[in-house]
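Structure first, commentary second.
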Amino acid sequence: MKKVRKAVLPVAGLGTRFLPATKAIPKEMLTVVDKPLIQYAVEECAASGIEHVIFVTGRHKSAIEDHFDLAPELESFLEQKGKSEQARLVREISNGLRFSYTRQSEALGLGHAVLCAADLVGEEPFAVLLPDVIAESRVPATRELAEIYEATGLGVIHVEHVPRERVHLYGIIDAEVEKKSRWGDKVLRVRNLVEKPSAEKAPSNWAVTGRYLLPPEIFDDLRTARPGAIGEIQLTDGLCRLAKKGKLLACVYDGKIYDAGDKLGFLEATVQLGLKDPKLGENFRKYLRGLKL
Ligand code: G1P
């Protein structure tokens, strides 16, 4: 089975939920504790053995390119001033990864965004990471999915259990435990998926977290998918086709998901990760305890 080397990060969205902050700054560049949101996903890629990160960008996203580019002038300025720790932080942003950028010029959905990366991905398996989601676990989320892909050759997505009143916010799977798998009941065989169903229509409480490991044949499935009611091609449409062919697994994620895709989730991620920060955590906890709520 081909080793997983590439990851696609869709970052073309307008970030309207965060206006006015995102009028001139990409949502992905908003800071969670001490680094931009997008850096969490890129660090997960590096920790998962990914070598090549492909950003699907849009207009007004050049700050993302600048962030992951080399900055020799800044580094030597910091070194000259004796700020070698800061110089190291700047140097390590790119984590030894290779970066490519391609554009999604029209907002035609997540499936369409992934399809925009088809030429750069080529005929190999690839990960998709939704950068709104920070996934925190002992084994990096994408590495866990890559290991399952490399053992089975099947597409695989992370899912987590959500309460009924939240199923309308996610892709929800219809699945059964994969028999005789070496992962026990942690790995399911997906029969079908529904994008953001109502509580009554949801086939389960297993929600797609935003981490995917896909075979290149998904591109054909996306190319022939017809745009849905709002004129968009959803990634879920391509995943459904893979599932119908018996080529899609789901893995129950046992880490912690922070969904920073809206203001409340973003604040929650900031507080939770701030509390865990080795330098800030203790004082931040004292500050929060002292609040009269
Ligand atoms: C997207 C996907 C959805 C998934 C979710 C995870 O939706 O379409 O299937 O469950 O991410 O965050 P979005 O949140 O971008 O609307």
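Residues take their numbers from the sequence shown, with the count starting at 1. Start at 1 and go down the list; that is how both ligands and their atoms are numbered.
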Side-chain donor-acceptor pair present, E106, H112, cut-off under 3.5 Å: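 No donor-acceptor contact under 3.5 Å links the two side chains.
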Check ion pair K2-E124 (N to O, under 4.0 angstrom): no
Sidechain N-carboxylate O distance under 4.0 Å for R88, E85: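 Salt bridge between R88 and E85, a charged N being under 4.0 Å from a carboxylate O: yes.
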Backbone of K201 reached by a side-chain donor or acceptor of S198 within 3.5 Å: yes
Identified side-chain hydrogen bond (donor to acceptor under 3.5 Å, both in side chains) counterpart of D221 within the set R241, K245, K244, K247: K245
Heavy-atom protein contact below 4.0 Å for atom 14 (O) of ligand 1: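 No.
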Atom 8 (O) of ligand 1 touched by protein (heavy atom, under 4.0 Å): yes
Which ligand 1 atoms does [X] reach within 4.0 Å, using its non-hydrogen atoms?
| X | value |
| --- | --- |
| L130 | 1 (C), 11 (O) |
| T209 | 6 (C), 12 (O) |
| G171 | 3 (C), 4 (C), 9 (O), 10 (O) |

Atom 4 (C) of ligand 1 [closest protein heavy-atom partner, distance rounded to 0.1 Å]: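 Among all protein heavy atoms, the one nearest atom 4 (C) of ligand 1 is V208 O, 3.5 Å.
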Pairs flagged by ring pair (Phe, Tyr, Trp, His ring centres under 6.0 Å) wherever residues 255-292 is involved - sequence neighbours left out: F18-F266
Heteroatom distance test ([X], ligand 1): nitrogen or oxygen, under 3.5 angstrom:
| X | value |
| --- | --- |
| G210 | no |
| K196 | yes |
| E195 | yes |

All pairs passing side chain to side chain donor-acceptor pair (under 3.5 Å) where residues 34-44 contributes a residue, at least two apart: K35-E43, Q39-E43, Q39-H67, E44-T142, E44-R211
